[in-house]
Amino acid sequence: MVPILEMKNIVKQFPGVLANDNVNLTVEKGSIHALMGENGAGKSTLMNILYGLYSPSSGEILFNGKEIKITSPRNAIEQGIGMVHQHFMLIPALSVIENVVLGKPGNKTVLELKNDAEAFVALGARYNMKIDPYALVSDLSVGQQQRVEILKAIYRGAELLVLDEPTAVLTPQEVTELFKIMNQLKEEGKTIIFISHKLNEVFAICDTITVLRLGRSQPSVTAASTNSEELAEMMVGRKCFLDVDKGEYNPGETVLKMEHVFTKGTHEALNDINLEIKKGEILGLAGVDGNGQDALIDAISGLTKVSSGKIFIKGNDMTGSSPRDILEQKVSHIPADRHKRGMVSTMSVKENMILISYYKKPFSKGLFLNGKFIEENATEIVEKFKVKTPSIEEMAGKLSGGNQQKLVLGRELSREPDFIIAAHPVRGLDIGATEYVHECLVAERDRGGAVLLVSTELDEVLTLADRIAVMYEGKIMGILDKEDYDITRIGMMMAGQNQ
Amino acid sequence: MKKKLSTGDVLIKVLTPIVAVGVALILGMILIALLGKDVGVAMGDFFQGALGSPIRIGDTLSKVAPLTFTALAFAIALRCGLVNIGAEGQFYLGGIAAGLVAIYAPGLGIPVIGGAVVLLLAIIAGFISGGLWGLIAGWLKVSFGANVVITTVMLNYIASFLNKYLIGYNGPFYDGSGNPQSEAFKVSFERGFLINGSDMTITIVLGILALVFYYVFFFKMKKGYEMRVVGFNSTAAEYAGIKVKSNALLAMFMAGGFGGLAGVSELLSAQSRILPDFSSNYGFDGIAVALLGQLHPLGIGLSAVLFAVLKSGGLAMGNKGTISPYIVSAIQAFVIILVVASVFVQDEYTRRKLIRQAKTAKGE
């Protein structure tokens with residue numbers, strides 16, 4: 001049988017980056033094909049080429065055995081290629097059906113929404129999906145929005161469906177639902193390219209696996225013929241340790257204490273948070289993105305005011321204190337969005353290193369900055385934390401993601417903090433940098449620091465945390481000790497159920 | 001571990017603005033030729049008028065100080081992420097305050113020993129009034145989120161009309177002469193500074209000092225660092241415990257203050273009383289000067305000199321009557337457009353260089 005898709009010798013050159021370097025990908029009709037690789041390995045570039053968002057510098061694409069040119073996403077849809085992006089391409093202010101017909105080939109001047117709605121509901125029923133076509137997208141949950149995206153692609157006639165990290169935003173139960181739908185699509189003869197970097201998911205659902213590393217494709221393997229270690233090695237290019245060595249769990253006195261904390265706000269407001277973190281422990285905060293984790297961090301770091309309740313740091317009442325007063329309590333913060341919050345990308349590495357401490361001796365004297373000490377300090381941190389940069393004068397924005405995170409990490413950890421807030425500290429990092437960040441966090445814990453680790457990656461929390469708290473809609477559903485870790489139970493709690 | 005700029009980097013940075021200005025002048029000449037005028041005569045008038053004699057050069061340089069100050073009014077605010085289009089209004093406020101000091105302070109028993117004390121008071125008054133005028137826009141921004149571009153433009157109109165009222169027929173500072181104007185200044189900056197017989201005054205030294213201050217403040221001082229962080233990334237600033245609002249207020253006060261100093265230096269150097277519309281567009285020229293100088297203190301100084309030449313050469317062409325002064329405005333507009341375009345040239349240069357580097361790294 002002719003493969004449904006063959007991408008041959010695809011090259012994509014960006015300024016300064018060769019994103020795809022002779023990539024080959026062959027996908028059989030009616031299969032679920034995993035596309036794996038670290039961040040920056042070229043997966044998204046390859047799929048954006050397939051979906052007509054980029055044009056390749058060279059190489060050819062065969063669809064059902066015929067060479068095709070894909071000039072735009074609309075053109076891709078017309079040829080039968082659909083894509084569900086990691087960040088949904090839905091317009092929240094419009095209804096489901098309005099989103100579905102948006103840009104659909106064959107629309108008349110006056111839309112026939114009613115006909116489309118009926119057909120769309122019928123299609124949903126085939127996959128056991130109940131969908132109200134007139135509901136506003138903004139009223140749907142993340143999981144529902146994703147299902148709308150998938151159905152939308154099929155409704156428009158997609159034969160080949162690309163799902164870009166579809167599970168990143170889902171609870172374990174929703175993932176199971178998604179996999180059911182994927183299997184049914186496969187039985188109907190549709191083909192799916194499943195982008196992921198989660199090994200267990202790939203083994204659960206995929207037939208064939210292609211790994212990209214540094215822009216190059218590795219020979220494809222069948223899921224049945226390989227294992228986790230082998231895949232991880234293919235992705236990183238060396239053997240890696242999926243586990244972390246930790247010292248004995250020996251918690252000391254309480255560093256952070258939150259008592260009945262509430263905040264105002266619309267959907268993510270904190271609702272009666274009680275939490276304690278002790279010296280020498282990592283508390284993992286799990287939960288689906290957008291369930292109040294950001295609000296919790298903002299409340300602790302003084303960026304939003306709590307409406308009631310108390311926050312103590314090392315026994316001092318810090319409720320309502322300014323962000324600087326809280327930082328002064330030797331609190332370090334590794335923010336989720338380093339570009340937005342953790343660094344100033346248009347400033348030099350050197351200037352970024354003093355972002356938190358610039359006003360204090362010895363970083364400044366009187367009204368002036370102490371240029372000599374600032375340079376020494378930056379040089380020292382760059383060396384100690386292995387930040388790869390041509391010079392401390394280099395603009396921070398020009399470093400790679402991993403090195404930017406090392407910059408933030410170095411700055412924050414060199415302050416010898418008592419309490420570290422680490423929000424998604426490895427998001428967007430490759431396995432090598434991830435290992436390094438994890439080692440650093442564990443070292444801080446072993447040194448006697450208290451660490452709040454916020455993450456949506458359950459694996460990360462399970463590996464690193466001494467205790468796990470699960471957040472759902474601004475509440476803490478429960479806190480589990482290490483011996484009670486149970487992935488099903490955590491999954492239920494992430495979905496708002498706790499028995 | 002110092003970052004090394006390659007010769008190419010430096011060349012492209014210095015050359016592009018120069019080429020931009022050169023092309024603008026050529027376009028200007030084409031425009032003059034299209035109007036059927038003699039290009040040679042016009043250009044002769046232009047350069048003769050701006051640089052023809054030591055006195056002419058001094059007259060030209062007398063415009064450097066106000067241009068530098070209005071450029072700083074734009075640059076300082078932009079470093080804090082605020083687009084201050086209000087130097088024109090701040091210029092008026094500074095000029096009015098300084099003018100009033102120069103008219104009335106000597107009558108209040110303030111010693112006039114060489115005018116120094118009065119002039120110092122005028123400078124302070126000009127800085128503070130311009131600063132407060134800028135602060136209005138800053139306050140509207142931090143309290144209500146009002147767009148600084150819009151509020152500063154509005155405040156320009158208010159300032160201009162306020163001036164017209166104050167020295168108008170019903171205004172408190174009308175001199176009763178039958179023309180809308182104030183009384184003559186009793187004290188002003190002494191002309192002929194450095195070049196005898198020219199309009200140059202000591203304000204050019206104040207301008208240079210202001211550039212030095214600008215550099216030291218933003219690159220050596222705590223507060224300047226803070227302001228730049230706010231300007232580049234206000235969210236990161238909040239995270240670092242930096243107060244974004246108070247920095248915005250201070251930046252607008254300082255920016256307005258320098259706009260005010262522009263008014264002080266122009267009014268008490270080149271004019272003898274407060275008249276309607278005494279700015280002759282300095283506030284807006286300052287924006288172009290700051291952009292052409294790429295917000296760099298040295299660049300601002302050099303492009304202030306260049307704009308001074310354009311301004312006084314244009315004036316000379318206009319005075320000869322051969323060319324309308326509007327043609328000169330058109331040439332200045334060419335300069336601005338081409339300078340903006342030159343930024344893209346530099347970006348393209350950097351982009352191609354990166355591609356080259358990537359290719360060499362891969363051994364292609």
(message) Any heavy-atom pair between the side chains of Val229(B) and Tyr358(A) that's under 4.5 Å?
(response) no
Chain B contact via [X] - side chain, backbone, both or neither, heavy atoms under 4.5 Å:
{"X": "Asp298(A)", "value": "side chain"}
{"X": "Leu355(A)", "value": "both"}
{"X": "Glu351(A)", "value": "both"}
{"X": "Thr346(A)", "value": "both"}

Point-to-point distance, once rounded to the nearest 0.5 Å, from [atom1] of [X] to [atom2] of [Y]:
{"X": "Phe368(A)", "Y": "Phe217(B)", "atom1": "CZ", "atom2": "CZ", "value": "10.5 Å"}
{"X": "Lys223(B)", "Y": "Tyr359(A)", "atom1": "NZ", "atom2": "OH", "value": "12.5 Å"}
{"X": "Tyr239(B)", "Y": "Asp337(A)", "atom1": "OH", "atom2": "CG", "value": "9.0 Å"}

Mark yes when over 12 heavy atoms from residues, nucleotides or ligands other than [X] sit less than 6.0 Å from its [atom1]; otherwise mark no.
{"X": "Lys305(A)", "atom1": "NZ", "answer": "yes"}
{"X": "Lys314(A)", "atom1": "NZ", "answer": "yes"}
{"X": "Lys384(A)", "atom1": "NZ", "answer": "no"}
{"X": "Tyr215(B)", "atom1": "OH", "answer": "no"}
{"X": "Lys245(B)", "atom1": "NZ", "answer": "no"}

(request) Could you give me the CA-CA distance, side-chain angles and deciding distance for Ile242(B) and Arg324(A), then say whether side-chain contact (heavy atoms from CB on, under 4.5 Å) is met? (result) CA-CA 7 Å; Ile242(B) 295 171; Arg324(A) 176 155 294 171; 3.7 Å; yes
Residue selection (most heavy-atom pairs with chain B, distance under 4.5 Å) from [options]:
{"options": "His339(A), Met343(A), Lys340(A)", "result": "Lys340(A)"}
{"options": "Leu327(A), Ile356(A), Ile326(A)", "result": "Leu327(A)"}
{"options": "Gly302(A), Gly366(A), Ser322(A)", "result": "Gly366(A)"}

(request) Could you pull out the closest heavy-atom pair between Gly241(B) and Pro323(A), with the gap in Å? (result) CA-CB, 4.0 Å
